[in-house]
Amino acid sequence: MERELVEDIVIVGAGIAGLTTSLGLHRLGIPSLVLESSDTLRVTGFALSIWQNAWKALDAVGVGDSLRRQHLRLNGIVATSLVTGQQTAAIPFREPGNRKDIEIRCVKRKSLLEALVNELPTGSIRYSSKVVGIEESGFYKIIHLADGTIIKTKVLIGCDGVNSMVAKWLGFKKASFTGRYGIRGCAEVNSSHGLEPKFMQYFGKGFRAGVIPCDEKTVYWFFTWKPTSQEKELKENPAKMKEYVLKKLENMASDVRYYIEKTEEDGFLLAPLRYRNPWEVMMGNISRGNVCVGGDAFHPMTPDLGQGGCCALEDGVVLARCLAEAFSKEARKDGKEEQQKRIEESLKKYAKERRWRSIDVIGTAYVVGSIQQAESNLVSFLRDKILAPFLAIQLFKKSAYDCGKLIDS
């Protein structure tokens, strides 16, 4: 039986961008409904790098300190060539010039999502709510769910990931495939792992890997490469996938490689690396009328700068701040047409603020990834001898961004 609900703001997707937006709005006294297609929180991906720009966003919505207590602060990045065995860069996490420490931690995705959800009012998330259709009814958007429920909303925000239905409705094409794949995993030990709190990066011929401790007992790792047609069959066979990764990383220090060996076969998560072409972000509709997108629905990017989740957190803070202008106490006194105009303007403001930031990060990540995974001897030589410090500096540069607070001061 069909049920019709009426909401002011509906957010599709209970991922990082969707939950941050909802919590930002809640902090500003504005309710929203988050629709999640799964029956529980989705925590695929294990962990993610949270750079200083993202800590500013987490502090803005009030969950930074609880996550800091659970995760180790990293003190630097070390890059090693598995071709030569040489360390190619060792850079402390400090700002060039003023030597101020930069805050970076590898945060468990489950901990991040739970920290956001725990601060939301009960009933903010509607699980098992798969969106199957979107249509217009005057200024309202009508959302059709798989279970027959119909939701009428003044604002529709798509934070529904790389295969976003809302992004498609706005006219975005499917995210482009880079030809590269990523394998991720996480190992837990009973006692302390004893690894230094560093971001350990490794480069080989045509692949890149990283190992990062999350807390005293959890180690996150990743491996990205461009597989041959035969290697693509690995995804059907987790045992062979594990064997393949360990063979590629045979020159890695054994005390670090141990954590990849310790990861169970079914804990190897493989996914194609996709990105939104920067030109499409430049020309596309990030917002149209009372609809917009955030997170991977807006700017899917390769993981080479560790900024995908960080940019999703930024989106949430900026979007909540902009939308609050259309739902303030004064704005609520407006007539229907005036409020519609305010909503449209607030989403345009969000799109303007986020467009160039997203183009910059997507483009830089793509270029950095191409250099880091180079197979040619010349580019590998340049990467190991000259470009390693430059590539590490790009990580710092993109994390120097400040999305601001929820309320403009």
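Nothing here was measured: the structure is a model prediction, and the numbers come from that model. Counting from 1, the numbers follow the sequence of the chain as shown.
- Taking the side chain as every heavy atom from C-beta outward, Met301 and Cys311 approach each other to under 4.5 Å.
- The CD1 atom of Ile9 sits 7.5 Å away from atom CD1 of Ile343, with the distance rounded to the nearest 0.5 Å.
- For Tyr202 and Trp221, the distance between ring centers is not under 6.0 angstrom.
- For the side-chain contact (heavy atoms from CB on, under 4.5 Å) with Leu19, the lone residue among Val61, Val63, Leu113 that qualifies is Leu113.
- Side-chain contact between Phe222 and Phe46 is absent, with no heavy-atom pair separated by less than 4.5 Å.
- A side-chain N or O of Asn290 and one of Lys141 form a donor-acceptor pair less than 3.5 Å apart.
- The shortest side-chain heavy-atom distance between Ser192 and Lys217 does not fall under the 4.5 Å cut-off.
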Evaluate Arg342 against Ser328 for side chain to side chain donor-acceptor pair (under 3.5 Å), listing each step before the verdict. CA-CA 10 Å; Arg342 277 183 188 260; Ser328 63; 4.9 Å; no
Which is it for Asn75 and Lys198 under the side chain to side chain donor-acceptor pair (under 3.5 Å) test, yes or no, and what are the steps along the way? CA-CA 6 Å; Asn75 61 27; Lys198 289 187 188 300; 3.0 Å; yes
Give the intermediate values and the outcome of salt bridge (charged side-chain N to carboxylate O under 4.0 Å, His left out) for residues Arg357 and Glu353. CA-CA 8 Å; Arg357 165 69 172 163; Glu353 190 169 334; over 6 Å; no
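- For the residue pair Ser254/Arg257, the side-chain donor-acceptor check at 3.5 Å is not satisfied.
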Output, in order, the C-alpha distance, side-chain angles, deciding distance and verdict of salt bridge (charged side-chain N to carboxylate O under 4.0 Å, His left out) for Arg68 and Glu103. CA-CA 10 Å; Arg68 282 184 181 95; Glu103 182 176 14; 2.7 Å; yes
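- No side-chain heavy atom of Gln70 sits under 4.5 Å from any side-chain heavy atom of Arg105.
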Apply salt bridge (charged side-chain N to carboxylate O under 4.0 Å, His left out) to residues Glu36 and Arg42 and explain how you reach the verdict. CA-CA 9 Å; Glu36 173 51 51; Arg42 281 173 299 131; 2.7 Å; yes
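- Interatomic distance, CG of Asp39 versus CG of Leu41, reported as 10.5 Å (0.5 Å rounding).
- Ion pairing of Arg208 with Asp304 is present here, as a side-chain N (NZ or NE/NH1/NH2) and a carboxylate O approach within less than 4.0 Å.
- Side-chain contact annotation: Ser32 with Ser22, donor-acceptor N/O pair under 3.5 Å present.
- For the atom pair Thr21 OG1 and Leu319 CG, the distance stands at 4.5 Å (nearest 0.5 Å).
- Between the side chain of Arg321 and the backbone N or O of Cys403, at least one donor-acceptor pair lies under 3.5 Å.
- With a 6.0 Å radius and a threshold of 12 heavy atoms from other residues, nucleotides or ligands, Glu261 has its CD atom above the threshold.
- Looking at Arg355, its side chain does come within 3.5 Å of a backbone N or O of Met282 through a donor-acceptor pair.
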How far apart are the C-alpha atoms of Phe177 and Tyr275, what are their side-chain angles, what is the distance that settles it, and do they pass the ring pair (Phe, Tyr, Trp, His ring centres under 6.0 Å) test? CA-CA 7 Å; Phe177 176 43; Tyr275 76 111; 9.8 Å; no
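- In the model, Arg274 has no side-chain atom that pairs as donor or acceptor with a side-chain atom of Thr302 under 3.5 Å.
- Within 6.0 Å of CD on Glu135 lie more than 12 heavy atoms contributed by other residues, nucleotides or ligands.
- Considering only heavy atoms from C-beta on, Ile157 stays 4.5 Å or farther from Val10 through its side chain.
- Ion pairing between a basic and an acidic side chain is recognised when a charged N comes within 4.0 Å of a carboxylate O; Glu325 and Lys349 show such pairing.
- Without hydrogens or angle criteria, Thr20 side chain to Ile16 main chain gives a donor-acceptor distance under 3.5 Å.
- His299 NE2 to Ile362 CD1: the interatomic distance, rounded to the nearest 0.5 Å, is 7.0 Å.
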What do the steps show when you test Glu314 against Asn53 for side chain to side chain donor-acceptor pair (under 3.5 Å), and what is the final call? CA-CA 8 Å; Glu314 292 173 7; Asn53 53 311; 2.7 Å; yes
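- No side-chain heavy atom of Val131 sits under 4.5 Å from any side-chain heavy atom of His144.
- At distances below 3.5 Å, at least one donor-acceptor pair connects side-chain atoms of Thr153 with backbone N or O atoms of Asp8.
- With respect to Lys348 and Glu345, a salt bridge is recorded, a charged nitrogen being found less than 4.0 Å from a carboxylate O.
- Between the side chain of Asp315 and the main chain of Gly295, a donor-acceptor pair closer than 3.5 Å is present.
- A salt bridge between Lys168 and Asp160 is absent, with no side-chain N of the basic residue lying under 4.0 Å from a carboxylate O of the acidic one.
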Acceptor/donor pairs from residues 244-253 side chains to any protein atom, 3.5 angstrom cut, sequence neighbours excluded:
from   : atom 1 : to     : atom 2 : distance (Å)
Tyr244 : OH     : Trp225 : NE1    : 3.1
Tyr244 : OH     : Glu231 : OE1    : 3.2
Tyr244 : OH     : Glu231 : OE2    : 3.1
Lys247 : NZ     : Glu250 : OE1    : 3.4
Asn251 : ND2    : Leu82  : O      : 3.2

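- Considering CG of Leu305 and CD of Gln307, their distance stands at 6.5 Å, rounded to 0.5 Å.
- Heavy atoms of other residues, nucleotides or ligands lying less than 6.0 angstrom from NZ of Lys130 number 12 at most.
- Both the sub-6.0 Å distance and the 45° axial angle are satisfied by Arg276 relative to the ring of Phe172.
- Side-chain contact of Lys154 with Gln339: a donor-acceptor pair under 3.5 Å is present, judged by distance alone.
- Note that the CD1 atom of Ile50 and the CG atom of Leu74 stand 11.5 Å from one another [nearest 0.5 Å].
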